[in-house]
There are 2 protein chains.
Amino acid sequence: MNESFFQLPQEKRMAIINAGFRVFSRHSYKNSPMSEIAAAAGISKSLLFYYFKNKKELYLFLCRHSTELTQQEITRQGCYDREDFFDIFLSGLKVKVQLMKRYPDLSLFQLKAYYEKDKELRGEINKLIGEYSGYETQAQMLKLDKSRFAEGLDLKMMYTDMYLASQGYLWEKLQGGKIDPDRMEKDLTALAEFWRKVYSRK
Amino acid sequence: MNESFFQLPQEKRMAIINAGFRVFSRHSYKNSPMSEIAAAAGISKSLLFYYFKNKKELYLFLCRHSTELTQQEITRQGCYDREDFFDIFLSGLKVKVQLMKRYPDLSLFQLKAYYEKDKELRGEINKLIGEYSGYETQAQMLKLDKSRFAEGLDLKMMYTDMYLASQGYLWEKLQGGKIDPDRMEKDLTALAEFWRKVYSRK
DNA sequence: AATATGATTGACCGATACGGTCAGGAAAGG
DNA sequence: CCTTTCCTGACCGTATCGGTCAATCATATT
């Protein structure tokens, strides 16, 4: 990892990073050619190897960087100071949208990284972005104030529903290749408000 | 397409078909090697080329076959004689589950085919399994009896929610590589019953 | 102007993967 | 036996890709 990479003008550095997110989020690790990343960044393949000594280093740098960026944005937005469940969801959404404006393919990159199966990478990815625990366990751990939600509502199922629908939305956009932060904010906000209305105690 | 393929003992023919579904559902068309399909089917690559004159022919056969199978199962289950919306959803689920028991990767194969981007294939896929119209339009076309659902419920959003969550579930299982029809039936039935409870008029 | 230093490239290499072919060996049937 | 069908391993040409390298370009220094 050549230090000069960090001395690059922001524009060029971002171009390389985004090119990496882009290509890796659309194919598996193995099927993401360095040449394509270089082309997407507007530089030569050789120069890419000048900054990163090999493909693995680039990939792992992007893993690390993506979590740093996410963490940064989360604290910047003060996500977890909220107490209303749907507000938390919405602020989480805000984070993704803000991030997506600067790094259109970041969340898709992370999504793919969670599921990357390459033997040589799997272990290191876990260290960098954390193992994905599955929505079932997340739903288990949820501690919510029952009195704020509709009577008799199964909160675990509610969470499952919300999680799966958001995930389904993301996958759909990923496959379609259409990434539009504003559209995404609009769609998912509408969903969240729908849920708030349906699930809240009257 | 060698006619002798259809004279094969069912077991062997199914092995080949399922191998095709399996491999094509896990990679893109381009990245699905014929050798891997052959290996998964327990035959030699040469024999696979004996039955199908090239990769494209095999792929398109699988497209055709998967829709035929689905269509068959749908009429067999008499899906659309039901009138209750959630019953329709559940019978659709039954179709998928039944099919999945014989062809574990069929629905994943179709899901991938909808999004396959290969220039040479795109047109023919549409002809065989139909173009995917997007859930938004599906939600538009929905004609439901408002009086059966909770008062003031946004039916379009309800459908969007249900569609995205089911889709999210499928993607999640696809990526995790864990395909278990019974598990799927259990999970999605639970979701459907949850929705029925929340969305129905009290 | 000469030189040194780092940035950047195109051409190239070795390895590998893959679609497809082919000559010929088993099997099955007569 | 012989013929036809089934089936395989070895092989080929091509394309791709990670990575290298010598050469060039830009810039700053002497």
Side-chain angles (χ1 to χ4, degrees), chain A residues 1-17 19-63 112 116-121 124, chain B residues 1-20 22-63 112 116-121 124:
Chain A
M1 170 111 233
N2 189 326
E3 287 308 315
S4 65
F5 177 72
F6 299 106
Q7 313 305 321
L8 247 37
Q10 206 204 18
E11 195 185 344
K12 191 169 177 179
R13 207 174 57 242
M14 291 261 294
I16 295 174
I17 291 171
F21 285 153
R22 174 119 218 259
V23 174
F24 282 126
S25 72
R26 274 155 177 76
H27 323 283
S28 66
Y29 171 75
K30 213 191 72 169
N31 291 313
S32 298
M34 290 292 270
S35 54
E36 195 180 326
I37 298 173
I43 61 174
S44 68
K45 190 177 63 159
S46 323
L47 187 54
L48 194 55
F49 276 103
Y50 177 71
Y51 293 130
F52 300 91
K53 82 173 200 290
N54 55 37
K55 187 166 155 178
K56 188 175 169 182
E57 188 180 274
L58 169 59
Y59 184 82
L60 291 177
F61 163 75
L62 290 174
C63 284
K112 271 294 194 67
E116 176 59 50
K117 278 184 278 290
D118 189 290
K119 267 274 168 62
E120 189 157 321
L121 254 43
E124 316 225 25
Chain B
M1 170 109 232
N2 190 326
E3 287 307 317
S4 65
F5 178 71
F6 300 106
Q7 314 305 322
L8 249 37
Q10 207 204 17
E11 196 186 343
K12 192 170 178 181
R13 207 174 58 241
M14 292 261 296
I16 295 174
I17 291 171
N18 274 328
R22 174 123 219 264
V23 175
F24 282 126
S25 72
R26 275 157 176 75
H27 323 282
S28 66
Y29 171 76
K30 213 191 71 166
N31 291 314
S32 298
M34 289 292 268
S35 54
E36 195 180 326
I37 297 173
I43 61 174
S44 69
K45 191 177 62 156
S46 324
L47 186 54
L48 195 53
F49 276 103
Y50 177 69
Y51 294 129
F52 301 90
K53 82 174 201 289
N54 56 38
K55 187 168 157 179
K56 188 176 169 183
E57 187 179 274
L58 169 59
Y59 185 82
L60 292 177
F61 162 76
L62 289 174
C63 284
K112 272 293 193 67
E116 176 60 50
K117 278 184 278 288
D118 189 290
K119 268 274 166 63
E120 190 157 321
L121 255 42
E124 318 225 24

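Below, chain A is the first sequence line, B the second, and so on; all start at residue 1.
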Would the B/F52 and B/Y59 ring centres measure less than 6.0 Å apart?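 Centroid distance B/F52-B/Y59: not below 6.0 Å, so no.
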Please confirm whether B/Y50 and B/F5 have ring centers closer than 6.0 angstrom.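 No; B/F5 has its ring centre 6.0 Å or more from that of B/Y50.
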Answer yes or no: is there an ion pair linking A/E124 with A/K56, defined by an N-O contact shorter than 4.0 Å?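 Looking at A/K56 together with A/E124, the answer is yes, because their closest N to O distance falls below 4.0 Å.
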Please report the interatomic distance [atom1]([X]) to [atom2]([Y]), rounded to the nearest 0.5 Å.
| X | Y | atom1 | atom2 | value |
| --- | --- | --- | --- | --- |
| A/M14 | A/F21 | CE | CZ | 9.5 Å |
| A/D118 | A/K30 | CG | NZ | 9.0 Å |
| B/N31 | A/H27 | CG | NE2 | 8.5 Å |

How many Å lie between [atom1] on [X] and [atom2] on [N], as a whole number?
| X | N | atom1 | atom2 | result |
| --- | --- | --- | --- | --- |
| A/K30 | D/dT16 | NZ | C1' | 11 Å |
| A/N31 | C/dT16 | CG | P | 17 Å |
| B/Y29 | C/dC18 | OH | C1' | 12 Å |
| B/Q7 | C/dG29 | CD | P | 13 Å |
| B/L48 | D/dC6 | CG | C1' | 14 Å |

Would you tabulate the nitrogen or oxygen pairs shorter than 3.5 Å linking the protein to nucleotides 6-8 of chain C?
{"from": "C/dA7", "atom 1": "OP2", "to": "A/Y50", "atom 2": "OH", "distance (Å)": "2.2"}
{"from": "C/dT8", "atom 1": "OP1", "to": "A/K12", "atom 2": "NZ", "distance (Å)": "2.7"}
{"from": "C/dT8", "atom 1": "OP2", "to": "A/K12", "atom 2": "NZ", "distance (Å)": "3.4"}
{"from": "C/dT8", "atom 1": "OP2", "to": "A/Y51", "atom 2": "OH", "distance (Å)": "2.5"}

Can B/F24 and B/K55 be said to form a side-chain contact (heavy atoms from CB on, under 4.5 Å), step by step? CA-CA 11 Å; B/F24 282 126; B/K55 187 168 157 179; 4.3 Å; yes
By side-chain hydrogen bond (donor to acceptor under 3.5 Å, both in side chains) - contacts of A/S4 (at least two apart):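 For A/S4 the side-chain hydrogen bond (donor to acceptor under 3.5 Å, both in side chains) partners, ignoring immediate neighbours, are A/N2.
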Considering only nitrogen or oxygen atoms on both sides, find all protein atoms under 3.5 Å from nucleotides 19-21 of chain D and state each distance.
{"from": "D/dG19", "atom 1": "OP2", "to": "A/K55", "atom 2": "N", "distance (Å)": "2.9"}
{"from": "D/dG19", "atom 1": "N7", "to": "A/K45", "atom 2": "NZ", "distance (Å)": "3.2"}
{"from": "D/dG19", "atom 1": "O6", "to": "A/K45", "atom 2": "NZ", "distance (Å)": "2.5"}

